[in-house]
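By convention in this document, chain letters (A, B, ...) are assigned in the order of the sequence lines, proteins followed by strands, and residues within each chain are numbered from 1. Keep in mind that this is a model prediction, so the values were computed, not measured.
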Amino acid sequence: MELQFYPYDFEYKVEEGTTFFYFYGRTKEGQKVAVKHHYQPFFYAAASNIDRKKFEERVLKLSLKTGIEPAQVVRLELVEKDLLGKKQEFYKVYANYPKAVPLLAKEIQAWGINCYEKDILYTHRYLRDHDIIPMRQVTAVGNFVRNQWMRVPVFVAESVTQRSQETLPVSDWRILAIDLETYAVKREIDPKNNPILMAGLYGAGKDGREFRKVITWKNAALPEYVEIVADEAALLQRMKEVILEYSPDILTGYFTDGFDFPYLQARAEKHKVRFDLGVDYSEIIVNQSSFGDKESKIKGYLHADMLKFIRNIFGKDLDVETYSLDAVSRELLGHQKHKVELEKLSQVWDNNPEKLAEFCAYNLHDSFLAYRLCEKLLPDMMEFTSIVGLPASDVIRMRFSKLVESYILKRATEFTAVAPNKPENTEISRRREESIQGAFVFEPVPGLYKDIVVFDFRSLYPTIISAHNLGPEGLKCSCCADKIKSHVPGKEEYWFCSREKKFLPAILEDLIFRRAEIKKQIKQAKARKEDTALLEARSYSLKILANSFYGYLGFYAARWYSLESAASTTAYARNYITTTISKAQQKGFKVVYADTDSCFLLLEGKTMEEATAFMEEINKTLPGQMELELEGNYPKGIFVGLKGRDQQSVGAKKKYALLRKDGTLKITGFETVRRNWSLLAKEVQEKVLELVLQEKVEEGLKYVKETIKELRSGKVALDKLIMKTQITRELSSYSSFAPHVKVAQEMKERGLNIDAGTIISFIIVKGKGLIRDRAKIPDDVAAGEYDAEYYVDHQLIPAVASIFAVLGYNEEEVFKDSSQTGLGKYF
DNA sequence: TGGTTCCACAT
DNA sequence: CAGTTTGGAACCA
């Protein structure tokens, strides 16, 4: 019979010597299933320049002792494959089970024969070789078999194919979010001694309404969604039942990899409760690497720890200070966490259970936020999954380099390419020593400019790599060696094949092309007022994957490492931007600034038509998918001087502000966002930039003077004067006492818990002596007690001095005023 | 300024 | 053929 289903979790099992790949998924009707399919593991061994007869005899006799059964070669096949651009013959060496692969390969390498793809995970290999994309419809031919080892029906497949690319809509996946609150005095997280107090679960009910539940074990008057059980062991038991009954495809949460699931595992073990949620009745599996991150797995589910996906992949474009659930939800959902004093939970639990309700609400709300994040980002997770072709659980936990490499590996099959091996440790150290020249940045002359037109190269690095065929395969190719006309600009020693499009640039070109197609679709969909969330997700995935190729080529641990290619990418980029600059200058445009892929021109009486004509002209000369685009045109812009240098001549790079036509500002590089600046300094800096850009310089000066007056009058609201600095280690280990350290000590003396990570807020007040002795906790500062002169000298003036300096005002000329001392005397 | 150390996130 | 060892901010000399 035929079975159609949507798989989302994968593993393999060796059963009586036969290796089976296992799919776990669900049918359209919502029935969870397991599908098993036999597939023989293998790797490659170089077949060139060896005595093949002798090799075959020897290799087929191999039998390496291991803990399980001896590692043996099942059979050999001779194949032709492409290794870094060179066609060669390889043996495809089939092993008797997956873990035999590295053992056999190591032995054969010891004979002096290179082996390849010996560290490709079996489950990943299976998916790639069968061209199966997780979470999309799969058709298996075979039969259901009786079993008692699985919680779900088991189907034994003779064949498995993906005929359709169809997937389920977001609303059809059953998602359940979990969140735990634990007993924790002084933020001490201790799964050995501290119990789980409550477990929040949030999902969608089968009736379409919300599914909300909090399980706790304290008898108190609590809201209707709270279920009270006898003790912690009962909580665990009940939680398991609820999850099984809900039967989610996706289990989600926030930092569930490192906190909730390991905690559940530890407490279940302590109470001897079998928390066997796994589809095969297995318990939670926590993989802890000797360093850093944990990963938690529950067999038969897609465990999506939203923190992992956001931190590793999705959050790179996000404007958040930390990846805390609070900050991320605020940014992505417009919701924040409920505000409760979590430190008091343990105390309330012990002494005032009647106050537990607000903690239950908090608990449920956290799981609600995780659910919403999962729902919102599911299209993105699925897109990365489909481009890379690996399980979503792996994809969301990958760093960029791994993501790129997985995409390359997926495409390698089509190009019959064999993957180069990962570098050895010595090679890694060697590579880590190397570095390349980066981007070109045009040093601006400080000043206030008008009518600035900004052009930039769309996806500069990816399009260069694709257009110039950069990559290890085409580097210094022998076919083009005799006619080296087109070497890399400024690097006579490098050239890349011009006869044949090579593997890496070809698959990168695909990504860029596919993204361009999707962008067109987005435009059309928007015109029809359709929802574009899915398309945006695809476009975003393709974009960051394409952008990561350059970094990958220069990444020390990359299989397709090619520092020459990375260096050539920036060399071409420098050449394109400098060429664009000089061509603009030849046309009579003044160039004020340029950075990596962008170029800022002044119209100076010329028209926008002339500027775009210039752009068109450049575009005619560009190869492949390269394109110069109009980023925008701005009525005004300011570039400021470098601190401590001649403020009139040397401009700071990557620091400027532009005024848009609609009056809004585009501020880059200024300190306005840093938390160790007071809100006052940020506000004043922004306001002054705005006034100056609107040519209201006098008004700007006046504004500063008024602000200073206000400061001195003691009327400025205290919350605008708070400065924040993070405590980064154990308080007692500080040997120098910056203001925030001193405040932290004071807070600790009052019984507040201060440890690494706490952000200390403080205000500097009037008085004698060192600054640090005048730093106070904001709550202790009386209105007007702050030290106005400190704020003038250390916050206000530094925030605006460079802006006024651009206009030729030095502090003395401009800020002349009263009888004050210090810099403030000029105001 | 550059080199080095420390910490992500959860209660 | 689940294992490797990150990177960015804050601090210090």
Could you give the [atom1]-to-[atom2] distance, from [X] to [N], as a whole number of Å?
X: A/L197; N: B/dT11; atom1: CG; atom2: P; result: 12 Å
X: A/K13; N: C/dC1; atom1: NZ; atom2: P; result: 18 Å
X: A/M198; N: B/dT11; atom1: CE; atom2: P; result: 12 Å
X: A/Y254; N: B/dC9; atom1: OH; atom2: P; result: 7 Å
X: A/I313; N: C/dT6; atom1: CD1; atom2: P; result: 18 Å
X: A/I189; N: B/dA8; atom1: CD1; atom2: C1'; result: 13 Å
X: A/R125; N: C/dC1; atom1: CZ; atom2: C1'; result: 9 Å
X: A/K294; N: C/dT6; atom1: NZ; atom2: P; result: 20 Å

Checklist entry - Got a salt bridge between A/E269 and A/R267, using NZ or NE/NH1/NH2 to carboxylate O under 4.0 Å? => result no
Taking atom [atom1] in both [N] and [M], compute the distance separating them and give it to the nearest angstrom.
N: B/dC9; M: C/dG7; atom1: C1'; value: 16 Å
N: C/dT5; M: B/dC7; atom1: C1'; value: 15 Å
N: B/dT11; M: C/dG8; atom1: C1'; value: 25 Å

Nearest listed nucleotide, side chain of [X], among [options]:
X: A/F43; options: C/dG3, B/dT11, C/dC1; value: C/dC1
X: A/F255; options: B/dA10, B/dT11, C/dC1; value: B/dA10
X: A/N425; options: C/dC1, C/dT5, B/dA10; value: C/dT5
X: A/D179; options: B/dC9, B/dT11, C/dT6; value: B/dT11
X: A/P102; options: C/dC1, C/dG3, C/dT5; value: C/dC1
X: A/Y323; options: C/dC1, B/dC9, B/dT11; value: B/dC9

Item to check | A/R432 vs C/dT6: side-chain N/O to OP1/OP2 distance below 4.0 Å | outcome: yes
Checklist entry - Do any side-chain nitrogens or oxygens of A/Y362 fall under 4.0 Å of OP1 or OP2 in B/dT11? => result yes
Checklist entry - Does the gap between the ring centers of A/Y362 and A/H365 come in under 6.0 Å? => result no
Next on the checklist: Ring centroids only, cut at 6.0 angstrom: are A/F10 and A/H124 within range, meaning strictly under it?
Outcome noted: no
Who passes side-chain contact (heavy atoms from CB on, under 4.5 Å) against [X], sequence neighbours left out?
X: A/T413; value: A/D129
X: A/A558; value: A/E405, A/Y552, A/F555, A/Y561
X: A/N114; value: A/A46, A/Q109, A/Y116

Checklist entry - Can you check ring-ring contact (aromatic ring centres under 6.0 Å, His included) on A/Y39 and A/F21, steps first, answer last? => result CA-CA 7 Å; A/Y39 188 56; A/F21 180 84; 8.4 Å; no
Checklist entry - Looking at DNA chain C, which of residues 257-267 of chain A put a heavy atom within less than 4.0 Å of it? => result none
Checklist entry - Which sits closer to the 5' end of DNA chain B, A/R311 or A/E181, going by the nucleotide each is nearest to? => result A/R311
For [X], report the nucleic acid contact type (base, sugar-phosphate, nothing); a contact means any heavy atom under 4.0 Å.
X: A/Y97; answer: nothing
X: A/K337; answer: sugar-phosphate
X: A/R128; answer: nothing
X: A/L325; answer: sugar-phosphate
X: A/D366; answer: sugar-phosphate
X: A/Y556; answer: sugar-phosphate

Checklist entry - Can you list every salt bridge (charged side-chain N to carboxylate O under 4.0 Å, His left out) pair that touches residues 389-398 of chain A, not counting sequence neighbours? => result A/D257-A/R397, A/E295-A/R397
Next on the checklist: Run the side chain to side chain donor-acceptor pair (under 3.5 Å) test against A/R431 and tell me which residues pass, sequence neighbours left out.
Outcome noted: A/E427
